[in-house]
Each structure stands twice: as structure tokens, then as C-alpha cells.
Student: 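I have a structure I would like to understand better, so I am pasting it below and will then ask my questions one at a time.
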Amino acid sequence: MKNLFLLIFFILFCGILYLYETDADYYQRINKQDTFHYINGILKSEFNKVDHIANYNIDVELIPSKHLIIAKEEIQWINKTNVPTNEIHFHFYANAYKSNKTLFAKAFQLSDENRTEIQIKNFKIDGKPNQLIYFQPEIKNPHDSTVAKVILDRIVYPYDTVKIYFEYSLKIPVSVKRFGRAANRNFYFISQWFPKVGVFENGKWICSQYHPYLNFYSDFGNYNVNIKVPSNYVVASTGTIKEKISDKNFSTYKITQAGVHDFVWMATDKILFVKDFYSRKDGSIITINAFVQPENERYVKRYIKCVKNCLEYFENYIGIYPYQNISLIDVPHSSASGGMEYPTLFTVNVGLFSPVKTGSPEYLVTHEFAHQYFYGLIANNEVYEAWLDEGFASYLSTKIMYKYYPDILENFKILKYIPVYGLNFLSLYDIPLIYTVADIPVTEGVTSIKNYYQNLNVGSISDTSYKLPSRLSYIVNSYDKPELMLLSLERYIGFDKMMLVLRNYYEKYKYKHPKAQNFIDEVNSIQNEDMSWFWENILYNSRVFDYQISWIKKISTNKYQILVERLGDGIFKCDIALYTDKDTLYQKWDGKEKWKIFEFTTINKVIAAEIDPLRKNMLDINFANNSYTLEPRYAASISIALRWFFWVQNALMILGSIG
């Protein structure tokens, strides 16, 4: 009995030690794991698959009393192309906040508290002082200094290395579009903050300005960053914290990460930190770090569960997540840094009232996590071909949501905060006037369809992203239409083939910079047919799809004719279904003619006909005319009409009382 008591006491004691594990204990334990499975935060099996081209060593200190960071930065850039160069190009993204005359500020007007720029105190190339030349590679604007180049005094031949050194300071503004501090709270989110080398490919530098709405393009490298903050502050960042050194006044976080193309960090004096773990199939462990605002504590379990769902889905269908850490940062409501992806880290925000059936914040978590693969690992040029990451992230977040959260309902919000399940057709000052309250399941792609209908013709998916003429055309052609295209492709070739395409694409292009043609080639290699019709109609052109069944005629005892029409200029291969009281008959159509008559033979009673019955073409703008019934059905129309008149009457009464 005495031995049993000692055993119970020992177990309880070990449990208490675990619960009160210090930061130092945690980092020591994780670093032991790191030596077994990881090198600098990436799996050993993946380390040599990465070309570490742009490598950074940065020492940075945050001074909250001045809203200021000061930094020393060393870059080793390796020319891993077959072409020599005598210049290097740099991004200075933070200079987008310099004034209201920058390219970025044309869409985001900046008050004084939103403005900043990188103040360079020292700049050297290979140990010698040099001069930066600011210029605009894409859109001329003498006030824009987000890109600069340096002319070298030597030729950098293939596999030569250039050593670059910066000393600079940067005032942290109140956040606008991701970067900055939260209003009325000590929360700093530091993104796109350091001088960053552009991408040298095919003998040309690709180093874009900071365009409104658009994201980034950089080479992979190894990062070692030391972050000094007041001792009462917590730091989260890209990568793995190898060590935390603290004294009475300050803490320094020593962080490393190989195989990434960016580095961001967060510092705050008030946040909940919860860590959890995900076990890969090979037994290695991914650490999940959740940094959650105290007022959002009730969402912690939902956040972590959602991240685990994402890790599981991608491991099962696409490929392993190769890094040691994944960090979720829930930002305050007064911060503009929510809803953005970075290597090994992403940010989210959540409404005051977000029941599980609203799909929030889960949809945002799945979208930003999907970017860990499509942007983070498959690093396309987001300025030129934004759909290659945004479209894929939208598509895969939809697939994850429907696998793990199938009961999401349509909803609208009253006064922007309170969700109500149903559809809102008309509002006045956020007060719903014409609406229906009902449990209506959200179908795949419905959000993208809503946006797509608002921009059918302006721009195509393949257009250079930064050249699209409006924010709406950019969103539709980068997020919504690509998601609908990928859903249509999946429905056309089948789910298993689609996942095989994505697995092959991921394995071939992770840690690289693929282009649209690379993905097209992967589809063509799997699908045993010429798919040029698909890309021509959906990817390369802004064609409108609308097919309809115009009539069904009985032409003899057992023969029926169906007239189908193509009302739009878009072409999609379709199935034609004839429904009888006993079975369903099918024919295929290449969809090219403006109209065509199909003939069916059946001894059964014909009920209706339908074109594209499985909704393979998600871009059809009017599914209502896809079917035709022989016997008119008025009940549904009468029901809809009665409801419509009822709500119109209510709206008129409300508007009359306002007057």
C-alpha cells in the first residue's frame, strides 16, 4: 500500500512539473527533438531539397515606448542560376507607408499614425559602402520607393556569393493592411519589415513594387533572427525558437528556420499561448502554437482542432507539412493584421459571436493554412499569377470545410455582429428588410459564385494580376473564378485524379517557383484527353457559360427529342440526362454548337431532361434553365411568390414608417 501511495505521488508530481514547464524547459525539450528529426526547423529529409539562395542573419530590437525597431541585417545571396549579373534588386515594402503618394497608398489612404519608412543608417556590399538606386520596375511613380537596386563593382558569376549588410530603424505605424501595431493595445505585428532580395531568374530580376491588394515573391533561404523585447513581452514568429535568454528587463529570442522565403514576428504583453502537437504518419511531431487574444479564449480549442484537421487533410491528400512549427496568431479587433499567411505562421481574427455552424473562424483558418502549401512551399509569383496561390487556397479550404464541417449554414449578420441563419436580400443601415430565416446548408463554391456573378467579363484568370483594373476584378480572377475552375476540373476528371494531380504538383514544385503552365502540364499528364478546350474557355478567356434545355418533344411511340442551347460564348463538355419514371438515360455533348437536338428512345414515361446534371460546370451563370419538365409544376413558384410579396409588403411598411 505504501508503494502504491508513492507511485501515485510520483505521477502527480510529474504532472505538476509538466504543467509548470518553463519556457527554457520547453525549448530544450523541443530542441532535443529537433536534432533527431529536423535541421533548422525543417525535416532532415527535406533540407537538401531546398535551394537556399537568399540567407538572412538579423538582430532586431523592439522599443515599445517609441513604437520603434532597430536592426542589423546580414544577407548572403548566392547566384544559383547559369547567368551572371552585376546588380542586385531589393524590396523595401515598408516604404509603401511613406506617404499618400506611393503606389500602395492609392488604395489605402494613410493618416500620420499610419506612415513610416525604413531609415537606413549603413549599407555595404562585400564590406564596402555602396549606393541604393530607387526605381519603379512596373508602374512609374517618383514617390514610390518600395524597390531599389545596387550596381556592383564586379560580376557575380553562377554560384558566386554576395555579402550584403544593412543597419536601419523603422517606426511601427498603427496597422494598415497587415503591418503595424494595434490601436489602443500593445500588440505589434511586424511583416514585410526588412530589406529583402528579389528573385533572379532567367537572367532577369523580378522585384515588384508593393501593389495594392497584391502579395509577394521571394527566394528561399535560411533565416537566423534574434529578437530583443521587454521581458514582459511574448514573441511569436516564423520558424523555431532555439533559445530564450531573459534578464530583469529584456528577453532575447533566438530563432532559426531553413527553407522559407519570408520572416514575420509578433510581440505583445498580453496574449494566451497554448501549444499542442500533431503526429505525422512517420512519428515525427509538429508543434502547433496558438496565440489567442484573452477575450477570444473560448475559440482556442476550435482553432487548434481546425489546424489539426488541415494538417491531416494535406498529409492524406497532398503531402506532408515539412516544418517543425505551425503558429496561429489571433489578432485584436483593433489590428488590421488578421487574415494573412506567412511561412510557418498565419494570422486570423474572429467575430464577437461565431457559432460553429457559421463556419467562422474555421473557414479563415483553413484558407490561411492552405497558403502554407500554396504560397509558402509552392512559391508562385503572387504579383503576376495570384490565382496559383489564392485560387488553390480557396479551393482546398472549401474541400477541408466540407470534410470536417459539413453542417455550415447560410447566415447574415445584424448590425455586423450577430449572425442569423438564413438569407438577407435587402438591408438598410445593417437592418435586414427582406430576408428569410431558415437552416440553408452552404453548398460548395457558393461564396465564389456570388462574387463571380458580380464580375463576369472584366479580366481573365490568366491576366497579369497587378494589371487587373479594379479590386473586384482582382478578387474574382484570383480567388473566386479559380476556385470554381478547380471545382469544375475536379468534377470533370474525378476527385481521385484531382488529388493525384495536386500530389504530383506539390512534390515536383515545392521550394520552387512554378507558373500556370506547370500545373496545366500536371493535369494533362494525368487526364487521358486533350484538355485545351478547358483552359481556353476558363483560364485564358473571360467567357460566359449558360446552357439550357429549351423543350422536350415526343416524336413517336418511344422516341423523344430534346433541344439544348448554348446561350453564352463559353464552351464546356456536358452530359444530357433524360429522366423517366424507371431510370435515367445519358448522352454526351461537346457543347460547341449554339443549339443541338438530342434523340432518346425509351418505353418508360418521360418526366424531365437536364443538361449537366452533376453540376460539373460551376461557372454556368443560370442553373435554373438547365432542366425542363414535361408536366408544369406550379407549387414551388406559388410558394416563392407568396414569400416574396410578404417580405416586400413588410419592407414597404417599414420604409413608410421611417418616412
Side-chain angles (χ1 to χ4, degrees), residues 16-35 38 40-41 56-74 116 118-119 121-122 165-172 179-182 184-191 193-194 222-258 263-275 287-294 324-325 327-332 335 337 342 344-345:
I16 292 170
L17 285 179
Y18 177 79
L19 289 172
Y20 286 92
E21 178 182 44
T22 66
D23 285 345
D25 294 332
Y26 168 64
Y27 297 131
Q28 184 178 13
R29 178 166 60 84
I30 291 299
N31 289 337
K32 286 182 179 178
Q33 173 194 310
D34 180 54
T35 60
Y38 297 96
N40 292 351
Y56 297 80
N57 295 316
I58 306 175
D59 292 307
V60 59
E61 179 180 0
L62 171 66
I63 306 173
S65 61
K66 297 181 180 180
H67 303 310
L68 184 72
I69 60 173
I70 55 175
K72 296 179 180 179
E73 175 180 341
E74 296 177 349
T116 190
I118 297 175
Q119 300 285 349
K121 298 179 181 179
N122 197 353
Y165 178 78
F166 288 99
E167 284 185 44
Y168 54 94
S169 63
L170 178 64
K171 175 189 171 186
I172 308 303
F179 165 57
R181 69 184 195 271
N184 305 315
R185 188 174 293 197
N186 293 328
F187 178 91
Y188 297 85
F189 193 79
I190 315 300
S191 63
W193 56 285
F194 60 97
N222 191 67
Y223 285 77
N224 291 289
V225 181
N226 299 323
I227 302 174
K228 183 180 179 181
V229 296
S231 57
N232 62 322
Y233 272 62
V234 174
V235 167
S237 74
T238 295
T240 300
I241 297 173
K242 305 292 288 186
E243 187 179 9
K244 177 185 175 184
I245 301 171
S246 298
D247 58 28
K248 182 179 179 181
N249 298 314
F250 299 100
S251 294
T252 299
Y253 291 77
K254 295 183 175 294
I255 303 159
T256 189
Q257 184 61 58
F263 188 98
V264 299
W265 55 285
M266 176 276 298
T268 184
D269 61 355
K270 188 178 181 181
I271 203 161
L272 296 173
F273 171 44
V274 180
K275 62 177 180 285
T287 301
I288 302 170
N289 301 307
F291 296 86
V292 181
Q293 299 304 314
Q324 184 177 354
N325 286 271
S327 295
L328 175 152
I329 298 179
D330 169 57
V331 308
S335 170
S337 298
Y342 308 93
T344 80
L345 179 152

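Bear in mind the structure is a predicted one, so any value in this text is a computation, not a measurement.
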Student: Would you compute the distance between atom OG of S251 and atom NZ of K244 and round it to the nearest 0.5 angstrom?
Tutor: 4.5 Å
Student: Would you name the heavy atoms of L170 and I118 that are closest together and state the gap between them?
Tutor: CD1-N, 3.8 Å
Student: Looking at CD of Q324 and OG1 of T344, how far apart are the two atoms once the value is rounded to the nearest 0.5 Å?
Tutor: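 Q324 atom CD to T344 atom OG1 measures 10.0 Å (nearest 0.5 Å).
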Student: Could you go through T240 and N325, starting from their C-alpha distance and side-chain angles, then the distance that decides it, and tell me whether this counts as side chain to side chain donor-acceptor pair (under 3.5 Å)?
Tutor: CA-CA 7 Å; T240 300; N325 286 271; 2.9 Å; yes
Student: So, for N186 and T268, which heavy atoms are closest and what is the spacing to 0.1 Å?
Tutor: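 Closest pair (atom of N186, atom of T268, distance): O-OG1, 2.7 Å.
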Student: With N232, which residues qualify under side-chain contact (heavy atoms from CB on, under 4.5 Å), at least two apart?
Tutor: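 Checked N232 against side-chain contact (heavy atoms from CB on, under 4.5 Å); matches are P230, D269.
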Student: Under the side chain to side chain contact (heavy atoms under 4.5 Å, CB included) rule, what do Y253 and I245 come out as? Steps first, then yes or no, please.
Tutor: CA-CA 7 Å; Y253 291 77; I245 301 171; over 6 Å; no
Student: Step by step, work out the side chain to side chain contact (heavy atoms under 4.5 Å, CB included) result for K72 and Y165.
Tutor: CA-CA 8 Å; K72 296 179 180 179; Y165 178 78; 3.7 Å; yes
Student: For W193 and V264, which heavy atoms make the closest approach, and how far apart are they?
Tutor: NE1-CA, 4.3 Å
Student: Within this structure, what is the CD1-CG distance for the pair I255 and N224, rounded to the nearest 0.5 Å?
Tutor: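 The CG atom of N224 is 10.0 Å from CD1 of I255, to the nearest 0.5 Å.
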Student: Just wondering, more than 12 heavy atoms not from N184 lying within 6.0 Å of its CG?
Tutor: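 No, because the 6.0 Å sphere around CG of N184 holds 12 heavy atoms or fewer from other groups.
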Student: With side chain to side chain contact (heavy atoms under 4.5 Å, CB included) as the criterion, how do F187 and K270 come out once you've worked through the C-alpha distance, each side chain's angles and the decisive distance to 0.1 Å?
Tutor: CA-CA 8 Å; F187 178 91; K270 188 178 181 181; over 6 Å; no
Student: Indicate yes or no: at least one non-hydrogen side-chain atom of W265 is less than 4.5 angstrom from one of L62.
Tutor: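 Yes - at least one pair of side-chain heavy atoms lies under 4.5 Å apart.
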Student: Could you grab the distance from atom OG1 of T252 to atom CG of D59, nearest 0.5 Å is fine?
Tutor: 9.0 Å
Student: What do you reckon, are the aromatic ring centroids of F194 and Y56 less than 6.0 Å apart?
Tutor: yes
Student: Do V235 and F291 come within less than 4.5 Å of each other through their side chains, counting heavy atoms only?
Tutor: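 V235 does not reach F291 side chain to side chain.
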Student: Classify the ring geometry between F166 and Y168 as parallel (under 30°), tilted (30 to 60°) or perpendicular (over 60°).
Tutor: perpendicular
Student: Return the CD1 to CD1 distance between I172 and I69, rounded to the nearest 0.5 Å.
Tutor: 4.0 Å
Student: Mind checking whether F179 and Y188 have ring centres under 6.0 Å apart?
Tutor: no
Student: Would Y342 and F189 count as a ring pair (Phe, Tyr, Trp, His ring centres under 6.0 Å) here? Give the steps.
Tutor: CA-CA 12 Å; Y342 308 93; F189 193 79; 5.4 Å; yes
Student: Begin with the C-alpha distance, continue with both residues' side-chain angles, and end with the deciding distance and a verdict on side chain to side chain contact (heavy atoms under 4.5 Å, CB included) for I288 and K275.
Tutor: CA-CA 5 Å; I288 302 170; K275 62 177 180 285; over 6 Å; no
Student: How long is the straight-line distance from NZ of K254 back to CD of E243, given to the nearest 0.5 Å?
Tutor: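 Atom-to-atom, E243:CD and K254:NZ are 6.5 Å apart.
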Student: Do the side chain of Q119 and the main chain of S169 share a donor and acceptor less than 3.5 angstrom apart?
Tutor: no
Student: If only atom types and distance count, is the side chain of N40 paired as donor or acceptor with the main-chain N or O of T256 below 3.5 Å?
Tutor: no
Student: Looking at every non-hydrogen atom in both residues, tell me the closest pair between D247 and N249 and how far apart they are.
Tutor: OD1-N, 2.9 Å
Student: If every non-hydrogen atom of Q257 is compared with every non-hydrogen atom of G41, which pair is closest and at what distance?
Tutor: NE2-O, 3.2 Å
Student: Mind listing the closest non-hydrogen atom pair of L345 and A236 along with its distance?
Tutor: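 Heavy atoms only, the tightest pair is CD1-C, 4.4 Å.
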